[in-house]
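Here's the structure we're looking at; comments come further down.
Computed from a predicted model, the values in this text were never measured in an experiment. We use all heavy atoms of the structure for the numbers below, so side chains are in, but hydrogens, waters and symmetry mates are not. Throughout, protein chains are lettered first and strands after them, A, B, ... in sequence-line order, and every chain is numbered starting at 1.
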There are 2 protein chains.
Amino acid sequence: MPVKESEILEAVRGDDVPQMQVDALIALVGDMELHGRDRSDPMREIPARIGDRWSLLLLLLLRIGSFRHATLKRLVAATSAEGEISQRMLTLRLRTLERDGLIDRTVTPSIPPRVDYAITGLGLSLLERVESLMDWVRENNPAIRASRDRFDALGED
Amino acid sequence: MPVKESEILEAVRGDDVPQMQVDALIALVGDMELHGRDRSDPMREIPARIGDRWSLLLLLLLRIGSFRHATLKRLVAATSAEGEISQRMLTLRLRTLERDGLIDRTVTPSIPPRVDYAITGLGLSLLERVESLMDWVRENNPAIRASRDRFDALGED
DNA sequence: CTGTATCCCGTATGATACTG
DNA sequence: CAGTATCATACGGGATACAG
């Protein structure tokens with residue numbers, strides 16, 4: 001029996017866990033890709049990008065059109081509720097998105113240089129799934145806020 | 001004209017941006033909920049939870065069944081590719097998930113005390129959308145890895 | 001068993017200055 | 001313009017000890 005499997009049996013021992021659930025837990029481990037093999041696994045990093053401060057906004061902007069580095073910086077400042085993005089983070093996030101194949105970077109050698117960023121097909125298809133997630137949040141925003149209010153009210157006693 | 005709108009016009013001035021794209025950019029700002037009003041907005045925090053180290057795994061486990069605090073800690077160790085979760089983070093993540101209404105916490109006063117965690121309908125419906133995102137990553141994992149390899153190879157010259 | 005309190009570290013992010 | 005380098009800061013996360 002695999003090590004992980006015996007770990008699961010050990011983990012639930014003493015609790016009254018139905019065999020069906022034990023099987024489901026084992027299946028969860030069996031498909032390691034479900035939660036990612038390690039922290040550099042796309043299965044972990046893509047959701048992390050969606051959750052970080054700037055990547056998603058950059059993808060949303062680049063879905064509208066291709067923009068230059070400096071233009072993108074100004075557009076972030078104009079569209080984000082959180083203010084400006086530092087030049088450093090703009091470069092870092094764009095590099096990571098490019099590395100994962102979600103956006104393209106095109107350099108036009110000239111003086112001054114010109115660099116354009118564009119979303120890729122891969123990036124577009126990712127945005128579709130993320131939109132579905134964002135739709136869920138929009139729909140359930142009131143429920144989440146209500147739950148938070150209830151939770152916070154209890155702590156004030 | 002709203003402030004943000006003129007900021008956008010300013011941002012793209014000099015670049016040859018079609019009117020359609022300008023309109024789309026303005027629409028993006030118009031719907032502030034699209035990207036969230038601030039960092040405590042569910043629109044920002046829910047994706048952040050999906051991207052953090054433990055929340056998603058906890059939801060996946062609780063979808064299989066309801067478990068006690070200590071059991072959950074052992075199950076994370078048994079199923080995660082990243083090893084154990086600290087007691088501190090387990091409590092913090094569970095509290096946040098509970099506060100947002102994604103899981104329920106049931107206390108049974110006894111000695112020793114017993115606390116069970118269960119996923120809610122809200123949590124289940126969120127997981128459906130997240131599954132769709134995870135499916136995308138699974139499907140496109142090879143493409144992403146290939147893109148990374150290409151990108152990294154260029155830097156080695 | 002189910003937490004809370006403290007201290008510590010690594011990484012994401014920011015501010016500023018400098019370069020081709 | 002499009003970066004890079006350097007230093008500074010905030011926060012997620014971990015280790016350990018302690019409490020009801």
Side-chain angles (χ1 to χ4, degrees), chain A residues 11-16 38-40 44-45 47-58 66-77 80 82-99 103-117 155, chain B residues 11-16 38-40 44-45 47-58 66-77 80 82-99 103-117 155:
Chain A
V12 299
R13 185 161 61 180
D15 298 340
D16 196 34
D38 55 65
R39 266 194 263 190
S40 71
R44 308 302 308 279
E45 291 207 326
R49 286 319 112 211
I50 302 307
D52 77 25
R53 197 169 173 181
W54 306 111
S55 300
L56 177 55
L57 177 58
L58 290 172
S66 301
F67 299 108
R68 305 181 63 176
H69 182 96
T71 306
L72 223 30
K73 187 170 190 308
R74 287 189 297 265
L75 282 177
V76 167
S80 168
E82 296 192 54
E84 300 205 2
I85 182 175
S86 64
Q87 201 159 21
R88 179 179 138 80
M89 287 314 299
L90 178 57
T91 300
L92 282 178
R93 291 296 129 227
L94 289 172
R95 279 295 139 76
T96 303
L97 293 173
E98 183 198 0
R99 178 169 182 267
I103 66 175
D104 271 335
R105 177 171 174 271
T106 307
V107 181
T108 307
S110 58
I111 298 179
R114 176 194 178 98
V115 179
D116 286 273
Y117 292 90
Chain B
V12 299
R13 185 162 61 179
D15 298 339
D16 197 34
D38 55 65
R39 265 194 263 191
S40 71
R44 307 301 308 279
E45 291 207 326
R49 286 317 113 212
I50 301 308
D52 76 25
R53 196 169 173 181
W54 306 112
S55 301
L56 177 54
L57 178 57
L58 290 172
S66 300
F67 299 108
R68 304 180 64 175
H69 182 96
T71 306
L72 222 31
K73 188 171 189 305
R74 288 189 297 265
L75 282 177
V76 167
S80 168
E82 296 192 54
E84 300 205 2
I85 182 176
S86 64
Q87 204 158 22
R88 177 180 134 82
M89 288 314 299
L90 178 58
T91 299
L92 281 178
R93 291 299 124 217
L94 289 172
R95 280 294 141 75
T96 304
L97 293 172
E98 183 198 1
R99 179 169 182 266
I103 66 176
D104 271 336
R105 177 172 175 272
T106 307
V107 181
T108 307
S110 58
I111 297 178
R114 176 195 177 97
V115 179
D116 286 273
Y117 292 90

Inset, instruction - Could you pull out all residues at least two apart from A:Arg99 that satisfy side-chain contact (heavy atoms from CB on, under 4.5 Å)? - result: B:Arg148, B:Phe151, B:Asp152
Inset, instruction - With rounding to the nearest 0.5 Å, note down the distance linking CD1 in A:Ile50 to CD1 in B:Ile50. - result: 11.0 Å
Legend entry - Rounded distance (nearest 0.5 Å) linking atom CD1 of B:Ile85 with atom CG of B:Leu75: 11.5 Å
Legend entry - Straight-line distance of A:Leu72 CG to A:Ile103 CD1, nearest 0.5 Å: 8.0 Å
Legend entry - Interface residues of residues 66-77 of chain A with DNA chain D (non-hydrogen, below 4.0 angstrom): A:Arg68, A:His69, A:Ala70
Inset, instruction - Considering only heavy atoms of chain B and a distance under 4.0 Å, specify the first and last nucleotide of DNA chain D in 5' to 3' order that meet this criterion. - result: D:dG13 to D:dG20
Inset, instruction - Rounded to the nearest angstrom, tell me the gap between atom CG in A:Leu94 and atom C1' in C:dA12. - result: 16 Å
Just distance, no hydrogens or angles: give the donor-acceptor pairs under 3.5 Å from side chains in residues 87-94 of chain A, sequence neighbours left out.
unit_1: A:Thr91; atom_1: OG1; unit_2: A:Gln87; atom_2: O; d: 3.1

Legend entry - Whole-Å distance separating the CG atom of B:Asp116 from the P atom of C:dG3: 10 Å
Legend entry - With sequence neighbours excluded, residues passing side chain to side chain donor-acceptor pair (under 3.5 Å) with B:Asp104: none
Inset, instruction - State, to the nearest 10°, the angle formed by the axis through the first five base pairs of the helix from C:dC1-D:dG20 to C:dG20-D:dC1 and the axis through its last five. - result: 40°
Legend entry - Qualifying residues under side-chain contact (heavy atoms from CB on, under 4.5 Å), relative to A:Glu82, sequence neighbours excluded: A:Arg53, A:Trp54, A:Ser80, B:Arg39, B:Arg44
Inset, instruction - Please round to the nearest 0.5 Å and tell me the distance separating atom OG1 of A:Thr71 and atom NZ of A:Lys73. - result: 12.0 Å
Legend entry - Qualifying residues under side-chain contact (heavy atoms from CB on, under 4.5 Å), relative to A:Arg114, sequence neighbours excluded: A:Arg68, A:Thr108, A:Ser110, A:Asp116
Legend entry - With sequence neighbours excluded, residues passing side-chain contact (heavy atoms from CB on, under 4.5 Å) with A:Val115: A:Arg105, A:Val107, A:Tyr117
Legend entry - Base versus backbone protein contacts along nucleotides 13-20 of chain C [heavy-atom cut-off under 4.0 Å; B, S, -]: BBB----B
Inset, instruction - Specify the separation, in whole Å, of atom CG of B:Leu90 and atom P of C:dT4. - result: 11 Å
Inset, instruction - Rounded to the nearest 0.5 Å, what's the gap from OG on A:Ser66 to CG on B:Asp15? Could you check? - result: 11.0 Å
